Structures are given as structure tokens and as C-alpha cells.
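Every value quoted in this text rests on a predicted model; they were computed, and no experiment measured them.
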Amino acid sequence: MPAAGHRRPPGAAARTQFNLGRALPFLVLVLTVVADLLTPDRERFDRLLVAAPALAAVTWSVRGTIGIGLLAMVVRVLLGPTREATSAIELLASETVLAAATAVAAWVSRVRARYERDLREVTAVAEVVQRVVLRPLPERLGRFDLHLLYVAAAAKARIGGDFYEAVRIPGAVRVMLGDVQGKGLGAVETASVLLGSFRAAVNEARDLADLADRLDEGLARYGAWDPDSDAAERFATVVLVELPDGRDVARLLSCGHPAPLLQRATGVEPVHFADPSLPVNLAGLADSHHRIEEVPFGSGDRLLLYTDGVSETRDRAGTFYPLELRLRGWAREPAADLPALLHRDLAAYGADGLDDDVAAVLVVRPPLGPA
């Protein structure tokens, strides 16, 4: 998943495991022959030949599985003369068992191949959906660098309930990071609605307060259009950022979202929201108002936006992940390396690894070059 996460790609270790799996049936055949020849009158190791087609079904095609089964039957026939007590009936019985095991293994191989084909098709669709819903962030927008970490909690998932977007508008850059309540397809649906609302309104919204109102309106309209949708019942925390071209400041608005961390040199502090807004889709429960905070954001400064999948990761003692402390320790690390550092550290820190969606966007104002 390039630019939208930091998943470990299949490497040499995975390929070695796969090759070993394909070699296992032949290893069973060889070891069985050796053991049977070394102990011709005491043990009957040839019974283990049935394992060869069974193992082949895990990694080989139907034809390959049948071929390995037939090879096991040939080996059983060749081992027969080494046994003085082997009768034609015993040989026929062994061959029948091997033939039945091969037939069952071939059926298992066919079912496995069908599921693998379906999984490839679903994965391909998921990758297309991801590119449409969660587009990769550009490495640079205007005068700002962007670095992303995105990991969906669900196994094999490409998209979760966390979402992000960054858009260049006339005179500024606007960034959104959000987290939908709950998990599963309903959370993905809500995230896609909010992303669509953001993209539709980001250029026209007067300011971040207007943009936040339009996110609420977009989700409300979607709920009215499809009242049975799970998205109509969910809320989302969102943080919006505006980075104007002409001033060294960052404007921020929080809709119930964890406070971003602002790093200047080696110092790190959370952005203070005097009056954060309610999460999106809960604004109707109270008078809607939004307060925009403005903080200095100059040359070399970094702003880390993150979801609670980062800050609420716990170790075995139940202690929350010390994000502020970690970011302070990484102050001198290249900004481009921070998403990978954070990913590895979170996975090592969590008692059960990463059990929630994780998203973080690092916004960097690069230092001014020499005059």
C-alpha cells in the first residue's frame, strides 16, 4: 500500500517459507524411503507416504497434488519387495489408501485454489477502492512536506475507520485527519462520506469553521438519503488544519479529536484547544459553534496529527503509549523516517500489537535554505 501505510511487504523470508512448503511432500517421500530401507523387518514407515499428497494440497495445484500422490503410490510399490511379509493384499490395501488420500488431497487443492483466486480478486478490488477513497498523500503541497502512516486494524484490510486528506487551495493548504467511531464496513462507509464532503467543500469553504459545518451537513444528508445506513448512526472525531501561504502560522479546529503535537527544535507540546467542537454528527445535540486556534508554525517546525489508535495503544501493564516523549526523542530524526519509526515502535509497544486503526500525518515546514 504505497504512500498510505507502512506494511511489511512479502520478502525473502516469505518466499523461503513458500518454497519449503512446496518441497515438503518430496522430503516426506525421501525420508520415508530411507527410514523404510534402514529398518526393513521392524517398522513400517511406508505408511507415512500418505502424508505426501496431504501436504501437497496446501501449496501445489490439483495436477501437482495428483502427480505427487501417484509418485507416492509408485514408491509404495517399489518398497514392497523389501518386505518379506508383504502380501499382494497388503500392497493393494496400501495403494487403495494412497489413491483415496490423493483424491481427497486433490479436492482440497481445488477448493484452496478457488479461495485463493477469490481472495486475489477481492484484494484487487480493495486496492482500487483504496486509491479512490484514501488517495495517497502527495509528498509536498505548497511549501509543506507531508508524511503519512496508515494501518487498518482488520487483517488484510486496506481501509479502516481512520481517514485523511490534504488539498492545495488558492492561498493555503488544508489538511483533515479523522477517526470514525467503531470498526468494520460501517466505519469505512462513514469515512468515505466525510472524505467526499471534505473534497466537495474544501475549496469553497470560507474557513475551517465553515468546512466543519459542511462535514456535518454532508453526513446528515447521507443519513437522510439512506436512513437504514449504519453511517447515519456513527460519529467521527476530526481535526482540520489550514496552512496559509503568506503567514508562518497554522490554524486548527478540533471536533473532539486528540490534540496534534507541535514540535519546534527539540521541544514538543500539544496544541491547546480552549473550546473544542463536538464530534461530527453530534453537533445537533448542542448549539453549533467552532473556535479556530492559531499557532506559530515557522521554518523547521513539525505538526503531528494522529488518531487514538496511536495515543491509546497500551502495553501489558495498561500504560498508554508515550507519544509526546517518543516524538521528543525523535526530534533529530529525518521527518521522512518518522512514520516507519512510529509504526515499528507502536507494534512493539502494544500488548497485542496494533489492535486498532492507526493514522498519523506529519506536516513539516522545511527549514529555509541558505540565502
Side-chain angles (χ1 to χ4, degrees), residues 1-14 17 123 126-127 130 133-134 136-137 146-164 176-188 190-191 234-239 254 256-263 268-271 279 302-364:
M1 193 163 61
H6 292 272
R7 295 182 179 275
R8 180 175 177 265
Q17 265 189 341
T123 300
E127 289 173 349
Q130 181 208 11
V133 177
L134 281 179
L137 283 183
L146 303 174
H147 306 285
L148 172 70
L149 168 65
Y150 188 89
V151 182
K156 305 298 183 184
R158 298 297 200 276
I159 304 174
D162 291 0
F163 55 95
Y164 60 86
M176 174 179 68
L177 184 73
D179 181 5
V180 177
Q181 164 246 348
K183 300 179 182 178
L185 293 178
V188 175
T190 305
R234 293 177 184 263
F235 63 87
T237 65
V238 174
V239 62
S254 173
H257 199 81
L261 295 178
L262 181 60
Q263 179 179 348
V268 177
E269 61 180 4
V271 175
R302 300 174 177 180
L303 183 67
L304 181 67
L305 318 178
Y306 59 91
T307 60
D308 60 11
V310 176
S311 56
E312 295 184 2
T313 295
R314 297 173 184 251
D315 63 10
R316 296 190 181 280
T319 305
F320 287 117
Y321 181 73
L323 178 60
E324 188 174 335
L325 179 64
R326 291 292 201 270
L327 192 60
R328 190 176 293 114
W330 295 332
R332 302 192 184 282
E333 297 288 341
D337 295 343
L338 287 188
L341 283 172
L342 180 58
H343 187 195
R344 289 195 299 268
D345 200 48
L346 279 170
Y349 186 88
D352 299 313
L354 296 178
D355 58 357
D356 195 4
D357 296 330
V358 167
V361 175
L362 183 68
V363 183
V364 182

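In this structure, Gly161 and Ala187 approach most closely via the heavy-atom pair CA-CB, 3.9 Å. Among all heavy-atom pairs drawn from Phe320 and Glu312, the shortest one is CD2-CA, 3.5 Å. Contact between Glu324 and Glu269 at its shortest, heavy atoms only, is OE2-CA, 4.3 Å. A pairwise comparison of heavy atoms in Phe163 and Val180 identifies CE2-CG2, 3.6 Å as the closest pair. The two residues Thr313 and Tyr349 come nearest to each other via the heavy atoms O-CE2, 3.8 Å. Between Pro270 and Ala259, the shortest heavy-atom contact is CB-CB, 4.3 Å.
Atom CG of Asp315 sits about 11.5 Å away from atom OH of Tyr321, to the nearest 0.5 Å. One finds the CG atom of Leu338 at 14.5 Å from the NE2 atom of His343 (value rounded to the nearest 0.5 Å). With rounding to the nearest 0.5 angstrom, the CG atom of Asp162 is 5.5 Å from the OH atom of Tyr150. The distance from the CG atom of Leu327 to the CD atom of Gln263 is 4.5 Å, given to the nearest 0.5 Å. Considering NE2 of His257 and CG of Leu305, their distance stands at 7.0 Å, rounded to 0.5 Å. Rounding to the nearest 0.5 Å places CG of Leu323 at 5.0 Å from CG of Leu261.
Of the possible polar contacts, none joining the Tyr306 side chain to the Leu362 backbone as a donor-acceptor pair under 3.5 Å is found. Panel note: side chain Thr307, backbone Ala359; a donor-acceptor pair is recorded below 3.5 Å.
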